[in-house]
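We're numbering straight along the sequence, starting at 1. The figures that follow rest on heavy atoms only: side chains count, while hydrogens, waters and symmetry mates do not.
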Amino acid sequence: MSLVNVKELLRKAKEGRYGVGAFNVGNMEMVLGVIKAAEKNSSPAIMQIAESRLKTSPLHVVGPMMVAAAKAASVPVAVQFDHGHSMELIRQALEIGFSSIMIDASSKPLEENIAIVKEVQKLAAGYGATVEAEVGQLAGDEGEGEKERFYSDPEDVRRLYESTGVDAIALSFGNAHGLYKS
């Protein structure tokens, strides 16, 4: 099986009517844990690292480990650069062999978000990688403000998709992620 892209995983999940877990990793033990759990459950997985985690888990160290583990897995595993903002780091992830990029330009005006997504799509296409975009911001450790701000506007989602044909879209419908105090 080994390394696949997110679009392929999501297509098969839709056909098979099942979900695919996406797991953030930051060290070798986490990488191996994701692979072991996926293999034990005969389940595909998305293994990812967010740009915000690179201070303690440098991409040039963790990235090759993630790609190598995915390639050796007995189940399909996509390796995604999550919540990417820096084109330099996105390029580095692609050169390492990541199969998917999640570009997070959700804090920008929609037209600027669309332009950035298109730029990332052009870059990722040269590596055979898929692209996920974000519209709106998820409540939690991604942003602050009134809860209404975190809901994705369905019209914005439609416009982003129709303008880019992006492979996946992260959106907010009242969901939250991050560290919870209670």
Side-chain angles (χ1 to χ4, degrees), residues 1-15 19-26 31 34-35 38 44-55 57-73 75-138 142 152 156-172 177:
M1 288 286 137
S2 81
L3 182 64
V4 297
N5 64 46
V6 168
K7 183 176 183 176
E8 182 180 337
L9 282 186
L10 295 180
R11 181 186 55 77
K12 288 182 179 179
K14 182 178 180 182
E15 290 171 1
V20 178
F23 306 95
N24 288 292
V25 298
V31 168
V34 168
I35 299 298
I46 301 168
M47 184 168 29
Q48 55 192 23
I49 188 163
E51 185 171 321
S52 64
R53 307 253 188 257
L54 299 182
K55 290 177 210 135
S57 302
L59 188 58
H60 71 280
V61 174
V62 175
M65 195 177 356
M66 293 168 67
V67 171
K71 285 180 177 179
V75 295
V77 178
V79 177
Q80 177 163 275
F81 187 60
D82 196 31
H83 292 282
H85 300 277
S86 161
M87 287 302 285
E88 180 181 329
L89 289 170
I90 289 168
R91 185 174 280 104
Q92 184 181 354
L94 290 166
E95 289 173 1
I96 288 169
F98 279 52
S99 59
S100 182
I101 299 296
M102 192 280 201
I103 177 64
D104 185 353
S106 61
S107 64
K108 310 276 188 206
L110 182 61
E111 293 308 316
E112 190 176 346
N113 187 349
I114 289 169
I116 292 168
V117 169
K118 287 180 178 181
E119 184 180 353
V120 172
Q121 285 177 302
K122 286 178 190 172
L123 180 61
Y127 293 86
T130 53
V131 176
E132 177 183 6
E134 183 170 334
V135 178
Q137 291 180 315
L138 300 176
E142 277 193 67
S152 299
D156 288 350
V157 175
R158 184 191 63 76
R159 285 182 49 211
L160 183 129
Y161 182 74
E162 288 179 355
S163 297
T164 65
V166 71
D167 300 301
I169 299 176
L171 50 90
S172 177
H177 69 275

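Put simply, the side chain of Val6 reaches to within 4.5 Å of the side chain of Ile46, judged on heavy atoms. Ser57 is listed as a side-chain neighbour of Ile49, based on a closest heavy-atom distance under 4.5 Å. Counting heavy atoms from C-beta outward, Ile35 and Met47 have side chains that approach closer than 4.5 Å.
Taking CZ from Arg11 and CG from Asn5, the interatomic distance works out to 9.5 Å, rounded to the nearest 0.5 Å. Here the CD atom belonging to Glu132 is positioned 5.0 Å from the CD atom belonging to Gln80, to the nearest 0.5 angstrom. Taken to the nearest 0.5 Å, the CG atom of Asn113 stands 8.5 Å off from the OG1 atom of Thr164. Taking NZ of Lys108 as the reference point, atom CD1 of Ile114 lies at 14.5 Å (rounded to 0.5 Å). Atom CD in Gln48 sits 7.5 Å away from atom NE2 in His83 (nearest 0.5 Å). In this structure, OG on Ser106 lies 11.0 Å from CG on Asp156, to the nearest 0.5 angstrom.
Between Ala69 and Val31 the shortest heavy-atom distance is CB-CG1, 3.5 Å. Between Ala45 and Leu9 the shortest heavy-atom distance is O-CD1, 3.4 Å. Minimum interatomic distance between Phe23 and Val34 (heavy atoms only, all atoms of both residues): CB-CG2, 3.6 Å. In terms of heavy-atom proximity, Ser99 sits nearest to Ala78 at OG-CA, 3.6 Å. Shown here for Val131 and Ala124, the closest heavy-atom pair between the two residues is CG2-CB, 3.6 Å. The two residues Gly26 and Val62 have their closest heavy-atom pair at O-CG2, 3.7 Å.
Heavy atoms from other residues, nucleotides or ligands lying under 6.0 Å from OH of Tyr127 number more than 12.
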Distance-only donor-acceptor pairs under 3.5 Å for side chains of residues 86-96, two or more places apart:
residue, atom, partner, partner atom, Å
Ser86, OG, Glu88, N, 3.3
Ser86, OG, Leu89, N, 3.1

Open item on the list: The test is side chain to side chain contact (heavy atoms under 4.5 Å, CB included); show your working for Phe81 and Leu54 and say whether it passes.
Closed with: CA-CA 11 Å; Phe81 187 60; Leu54 299 182; 3.8 Å; yes
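Residues passing the salt bridge (charged side-chain N to carboxylate O under 4.0 Å, His left out) test with Glu119, sequence neighbours excluded: none.
Side-chain atoms of His85 come within 3.5 Å of backbone N or O of Asp104 as a donor-acceptor pair.
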